[in-house]
Visitor: 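After the structure tokens below, expect a handful of questions from me.
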Amino acid sequence: MPAIKNGRSAGPRRAVVAGLAAAAALVASPTALAQQAKTIEWRYGHMNPPNSAAGMQAQWLAEAIAKYSNGQIKVTVYPSSQLGKLQELAEAVSTGTIALSHNTAGGIGSLHEPFGALDTPYLYRDVDHLMKVVDVNSSVMRKLNEGLVKSAGVRVLYAYYFGTRQLTANRAVMQPSDLAGQKIRAIPFPIYMSTVQGLGAVPVPVDWSEVPTALATGQVAGQENPVNVVLSSKLYETQSHMMLTGHIMNAQLIVINEKAWQGLSPEMKAALAKAADEVRTKATEHVRAQEADETEKLKGLRMKVLGPAEGLKLDAFKASVNKVVQDRFGAKFGELYKEIAAVR
């Protein structure tokens with residue numbers, strides 16, 4: 001997989017990526033399309049199944065954009081990693097190969113490193129605190145977005161509550177020492193690798209498209225994700241236990257290529273912002289409303305759900321994770337953590 005530096009891919013694929021970007025600019029330039037056909041056509045690529053919360057919100061956005069732009073902007077959604085894996089999708093938005101995608105904050109950190117801080121474990125007081133921080137108009141997000149635009153030619157359009165990440169495995173895990181020597185899948189970005197290590201396991205970077213196979217073959221013994229992902233991706237078929245570690249409260253960030261954004265008229269920017277605001281609220285409310293029901297559905301599918309009431313030592317997990325994360329990221333992100341804590 002190519003490295004990313006300042007929002008550009010490096011290595012032998014440079015010419016190919018540049019060619020794709022040039023072709024995309026010709027095909028998807030909002031100004032050119034507005035002049036030629038009065039319709040802007042964009043691609044939205046992502047890694048999730050279409051029936052997942054992330055997949056549904058992508059489709060909701062496409063529909064809302066069509067509605068508020070009076071059909072002048074057409075967004076076609078490509079789910080399930082059809083247009084690339086996690087890092088490739090981030091790169092594709094940066095180069096302009098695709099106009100839109102979504103990713104974790106840690107994933108966007110591959111384009112602008114400070115974004116990784118937003119996915120720090122046990123960082124937020126509650127969901128409301130998280131949503132205030134990741135509001136594109138918050139002081140934290142304005143600063144991060146400015147850096148992202150400058151370094152990668154990408155901006156966050158909006159963010160919604162993706163869920164709280166829990167640990168799954170094929171056996172009960174009550175404390176970090178229970179994971180000693182166990183390989184657990186981690187999103188292949190630094191904050192997630194460190195989090196899994198803090199949980200007590202050996203982190204193994206596996207792209208989401210390869211996770212079901214990795215679990216089925218025993219390449220990894222477990223993974224971590226919000227409840228809605230465990231259910232929609234049928235991870236209960238290979239994982240017998242879910243531990244309510246609640247280690248990362250996640251926002252999913254929807255990003256747009258900056259040239260595509262700047263190519264819009266003020267009226268179309270307003271239409272896009274209105275669609276984004278509508279979907280941000282709808283998707284967040286959907287995920288929050290479904291979390292408890294989805295946990296019960298997993299129990300009905302014979303997945304054992306273990307929390308503090310069942311003996312899970314949550315304080316031990318918090319202490320272990322926080323030590324690893326602070327050792328690695330405390331100095332780098334310390335000031336940003338203070339700014340996040342100050343958001344009320």
Side-chain angles (χ1 to χ4, degrees), residues 1-11 13-15 17-22 24-26 28-31 40 42-46 84 86-120 123 132-160 188-191 251-266 268-270 272-273 276-277 280 329 331-340 342-343:
M1 183 177 292
I4 292 178
K5 184 176 181 181
N6 295 327
R8 306 288 184 215
S9 62
R13 291 178 59 244
R14 182 188 300 273
V17 171
L20 287 171
L26 289 172
S29 165
T31 303
I40 300 167
W42 285 343
R43 296 191 298 169
Y44 183 143
H46 67 85
L86 275 167
Q87 190 165 341
E88 292 168 338
L89 288 165
E91 176 186 348
V93 178
S94 179
T95 61
T97 306
I98 60 176
L100 295 152
S101 187
H102 63 245
N103 214 315
T104 63
I108 302 304
S110 68
L111 299 178
H112 183 52
E113 189 179 22
F115 265 97
L118 296 178
D119 278 350
T120 297
L123 181 63
K132 287 177 181 177
V133 171
V134 299
D135 186 316
V136 291
N137 294 312
S138 78
S139 58
V140 171
M141 280 297 289
R142 283 200 303 269
K143 184 185 298 183
L144 289 174
N145 235 351
E146 287 173 6
L148 183 62
V149 169
K150 184 179 295 185
S151 64
V154 174
R155 75 168 53 235
V156 175
L157 185 61
Y158 66 96
Y160 72 95
F189 297 115
I191 199 78
Q252 189 102 76
L253 308 182
I254 288 69
V255 291
I256 184 170
N257 176 269
E258 179 66 5
K259 288 183 180 178
W261 171 257
Q262 294 299 345
L264 296 176
S265 67
M268 288 299 100
K269 283 183 179 178
L272 209 63
D277 199 48
R280 176 184 193 267
F329 303 104
K332 183 181 293 184
F333 297 142
E335 288 305 311
L336 185 51
Y337 290 152
K338 290 179 183 177
E339 290 177 35
I340 290 170
V343 173

Visitor: Of all residues at least two apart in sequence or in a different chain, which pass the ring-ring contact (aromatic ring centres under 6.0 Å, His included) check with Y158?
Guide: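 Applying ring-ring contact (aromatic ring centres under 6.0 Å, His included) to Y158 gives none.
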Visitor: Tell me whether S101 contacts the main-chain N or O of L89 through its side chain, where contact means a donor paired with an acceptor under 3.5 Å.
Guide: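 Flag not set: sc S101 to bb L89 has no pair under 3.5 Å.
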Visitor: Got a sec, which residues hit side-chain contact (heavy atoms from CB on, under 4.5 Å) with S139, two or more places apart in sequence or on another chain?
Guide: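 So S139 forms a side-chain contact (heavy atoms from CB on, under 4.5 Å) with R142.
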Visitor: With side chains defined as the heavy atoms from C-beta onward, is the minimum distance between I108 and L148 less than 4.5 Å?
Guide: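 Yes, at least one pair of side-chain atoms sits under 4.5 Å.
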Visitor: Is T97 close to R43 at the side-chain level, that is, under 4.5 Å between some pair of heavy atoms?
Guide: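 A side-chain contact under 4.5 Å exists here.
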Visitor: What I'd like to find out is whether the side chain of F329 reaches to under 4.5 Å of the side chain of P190, using heavy atoms alone.
Guide: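 Contact flag for F329/P190 side chains = yes.
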Visitor: Where is the tightest heavy-atom contact between R155 and V149, given as atom of each residue plus distance?
Guide: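 Nearest pair, atom of R155 first, then V149: CB-CG2, 3.7 Å.
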Visitor: Could you pull out all residues at least two apart from D119 that satisfy side chain to side chain donor-acceptor pair (under 3.5 Å)?
Guide: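 By the side chain to side chain donor-acceptor pair (under 3.5 Å) rule, D119 matches Y192, N250.
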Visitor: Taking the side chain from N145 and the backbone from V156, do they hold a donor-acceptor pair closer than 3.5 Å?
Guide: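 Confirmed, N145 side chain pairs with V156 backbone.
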Visitor: Sorted by first residue and then second, give each salt bridge (charged side-chain N to carboxylate O under 4.0 Å, His left out) pair with at least one member in residues 101-111; sequence neighbours left out.
Guide: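 For residues 101-111: none.
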Visitor: Taking side chain to side chain donor-acceptor pair (under 3.5 Å) as the test, write out the residues that go with T120, two or more places apart.
Guide: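 Residues passing side chain to side chain donor-acceptor pair (under 3.5 Å) with T120: Y337.
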Visitor: Between the side chain of N257 and the main-chain N/O of V93, is any donor-acceptor distance below 3.5 Å?
Guide: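 Yes; judged by distance alone, with no hydrogens or angles, the pair exists.
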Visitor: Are H102 and Y160 close enough that their ring centers fall under 6.0 Å?
Guide: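 No, the ring centres sit 6.0 Å or more apart.
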Visitor: Could you work out, with side-chain contact (heavy atoms from CB on, under 4.5 Å) as the rule, every residue matching V140, not counting sequence neighbours?
Guide: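 Counting only residues at least two positions away or on another chain, V140 forms a side-chain contact (heavy atoms from CB on, under 4.5 Å) with L118, V133, S138, L144, L336, E339, I340, V343.
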Visitor: Please name the pair of heavy atoms, one in I256 and one in A260, separated by the smallest distance, quoted to 0.1 Å.
Guide: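 Where I256 meets A260 most closely, the heavy atoms are CG1-CB, 4.5 Å.
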Visitor: Under a 3.5 Å threshold, yes or no: a donor from one side chain and an acceptor from the other, between Q262 and E258?
Guide: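 On atom types as modelled, these side chains qualify, holding a pair under 3.5 Å.
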Visitor: Is the shortest side-chain heavy-atom distance between L100 and V255 below 4.5 Å?
Guide: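 L100 does not reach V255 side chain to side chain.
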Visitor: Which pair of non-hydrogen atoms, one from I98 and one from G45, has the smallest distance, and what is that distance?
Guide: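 Where I98 meets G45 most closely, the heavy atoms are CD1-N, 4.0 Å.
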Visitor: Got a sec, which residues hit salt bridge (charged side-chain N to carboxylate O under 4.0 Å, His left out) with E146, two or more places apart in sequence or on another chain?
Guide: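 Result, salt bridge (charged side-chain N to carboxylate O under 4.0 Å, His left out) vs E146: none returned.
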Visitor: In terms of heavy-atom contacts, does NZ of K143 have more than 12 from other residues, nucleotides or ligands at under 6.0 Å?
Guide: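 Atom NZ in K143 is not packed in, count stays at 12 or less.
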Visitor: K332: which residues meet the salt bridge (charged side-chain N to carboxylate O under 4.0 Å, His left out) condition with it, sequence neighbours left out?
Guide: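 In terms of salt bridge (charged side-chain N to carboxylate O under 4.0 Å, His left out), with neighbours along the sequence ignored, K332 is linked to E113.
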Visitor: Looking at A152, is its backbone amide N or carbonyl O close enough to the side chain of S94 to form a donor-acceptor pair, meaning the two atoms are under 3.5 Å apart?
Guide: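 The answer is yes, because a donor-acceptor pair under 3.5 Å joins these two groups.
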Visitor: For residues 100-111, which residue pairs qualify under salt bridge (charged side-chain N to carboxylate O under 4.0 Å, His left out), counting only residues two or more places apart or in two chains?
Guide: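 Output for this query is empty, none listed.
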Visitor: Using side-chain contact (heavy atoms from CB on, under 4.5 Å) as the criterion, list what pairs up with A251, not counting sequence neighbours.
Guide: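 Only L130, V134, A159, L253 meet the side-chain contact (heavy atoms from CB on, under 4.5 Å) criterion with A251.
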